[in-house]
Amino acid sequence: MIIDNNLIENLKKEQLRLANKLNLVKIDKTIRDFKLIVGIDLTFIKENSKEKGIVCFSILKNNINNIKIEYKILKKEIKFPYIPGLLAFREYPLIEKLFYILNEEYKTELENKEVLFFIDGHGISHPRTLGIASHFGVKLNQVSIGIAKRKLFGYYNENNLKTLKITELYNNEQKEKHLGYVINTDLITNRKILGSKVLFISPGNNIDCESSLKLFIQMIKNYNLVITELAHNYLVKIKNEQI
DNA sequence: GCGACAG
DNA sequence: ATCTTGTCGC
Ligand SMILES: [Mg+2]
């Protein structure tokens, strides 16, 4: 696929248009109040000299005294390249397809926003406050949070991260806009998460920074897992199996 | 012009 | 993200 500057500019405008619809609000619910927690990640393969993406939803079903995890995957050709800041245009179309399959099974829960989505990538911690987690949350009007392993955009205090194991991420040195948090995984667990010692947590949509952090930590404390990591590991597994 | 730059 | 051998640490 050939990407000219004109297309890039139009896609950036599309991001600004979607960013106007962001709804960054406090959520008083705890992690246990959500019927489902869904982790989203993708992997890529070459098949018949075509690049294909495989998306995985890891779905934690939180019934009373009964926690179950199931997986859904979908494979499709991907034509759009990876461009920093435009990740959603590569990965979101496939995510959306699997979302509509999920919607057949959990229509009510999704309509009532009783599903919490964690997406591998940034939320509002993005040059136009529209990382893939926000793109997803705005287009589908769902509650979403971004979990990224590396910084894309913003400023934070390295010393605070080192000493406090957590620090806030802002759009600039003047701290005009709070975009999320940078966490050293030592804060919550003694292991790396998704192969990383540092994670960037930011709101996708229908949630604010503080609630995003709260629910992320509650997920780890209550269920002893990071849901996007389950999706990631599942993809690694099926990739190794099919040869 | 140069560095930064999710997955 | 993917490719990919040896190598370091528990
Ligand atoms: Mg990923």
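A note on names: the letters A, B, ... follow the listed sequences, proteins ahead of strands, and every chain is numbered from 1.
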Test log, rule side-chain hydrogen bond (donor to acceptor under 3.5 Å, both in side chains), inputs Ser125(A) and His122(A): CA-CA 6 Å; Ser125(A) 44; His122(A) 288 279; 2.8 Å; yes
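- Note on Glu168(A) versus Lys175(A): no salt bridge recorded, every NZ/NE/NH1/NH2 to OD/OE distance being 4.0 Å or above.
- In this structure, Lys151(A) is not positioned above the aromatic face of Phe200(A) in the sense of NZ or CZ being under 6.0 Å from the six-membered ring centre and within 45° of the axis.
- You can see that DNA chain B meets the heavy atoms of chain A within a 4.0 Å-exclusive cut from dC5(B) to dG7(B), reading 5' to 3'.
- As rounded to whole Å, 12 Å separates atom P of dT2(C) from atom NZ of Lys46(A).
- Under 4.0 angstrom from either OP1 or OP2 of dT2(C) there lies at least one side-chain N or O belonging to Lys239(A).
- With salt bridges taken as basic N to acidic carboxylate O contacts below 4.0 Å, none links Glu109(A) and Lys35(A).
- Within 4.0 Å of Gly146(A), counting heavy atoms only, lies no atom of the nucleic acid at all.
- Tyr82(A) places its OH atom 10 Å from the P atom of dA1(C), with the value rounded to the nearest Å.
- Using a cut-off of 4.0 Å between Lys/Arg side-chain N and Asp/Glu carboxylate O, Lys162(A) and Glu158(A) are scored as not salt-bridged.
- If you check every strand for non-hydrogen atoms under 4.0 Å, Ile132(A) touches a base.
- Nucleic acid contact class of His232(A) (heavy atoms, under 4.0 Å, all strands): sugar-phosphate only.
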Side chain to side chain contact (heavy atoms under 4.5 Å, CB included) evaluation trace for Asp120(A) with Leu42(A): CA-CA 8 Å; Asp120(A) 185 41; Leu42(A) 280 83; over 6 Å; no
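- Rounded to an integer number of Å, the gap from Asp120(A) CG to dA1(C) P is 7 Å.
- As rounded to whole Å, 18 Å separates atom P of dA1(C) from atom CD1 of Ile83(A).
- Atom NZ of Lys197(A) is separated from atom C1' of dG9(C) by 14 Å (rounded to the nearest Å).
- If you check every strand for non-hydrogen atoms under 4.0 Å, Ser125(A) touches nothing.
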Dot-bracket encoding of pairs in DNA chain C, which uses [ ] for pseudoknotted crossings and | for another strand, Watson-Crick or G-U under 3.5 angstrom: ..........
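- Residue contacts shown for Leu199(A) are absent, as no nucleic acid heavy atom lies under 4.0 Å away.
- Using a 4.0 Å cut-off between charged side-chain N and carboxylate O, Lys76(A) and Glu51(A) make no salt bridge.
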Criterion side chain to side chain contact (heavy atoms under 4.5 Å, CB included) on Glu14(A) and Arg17(A), from CA distance to verdict: CA-CA 5 Å; Glu14(A) 170 73 355; Arg17(A) 189 182 69 78; 3.0 Å; yes
Test ring pair (Phe, Tyr, Trp, His ring centres under 6.0 Å) applied to Tyr170(A) and Tyr155(A), step by step: CA-CA 5 Å; Tyr170(A) 292 95; Tyr155(A) 296 81; 9.8 Å; no
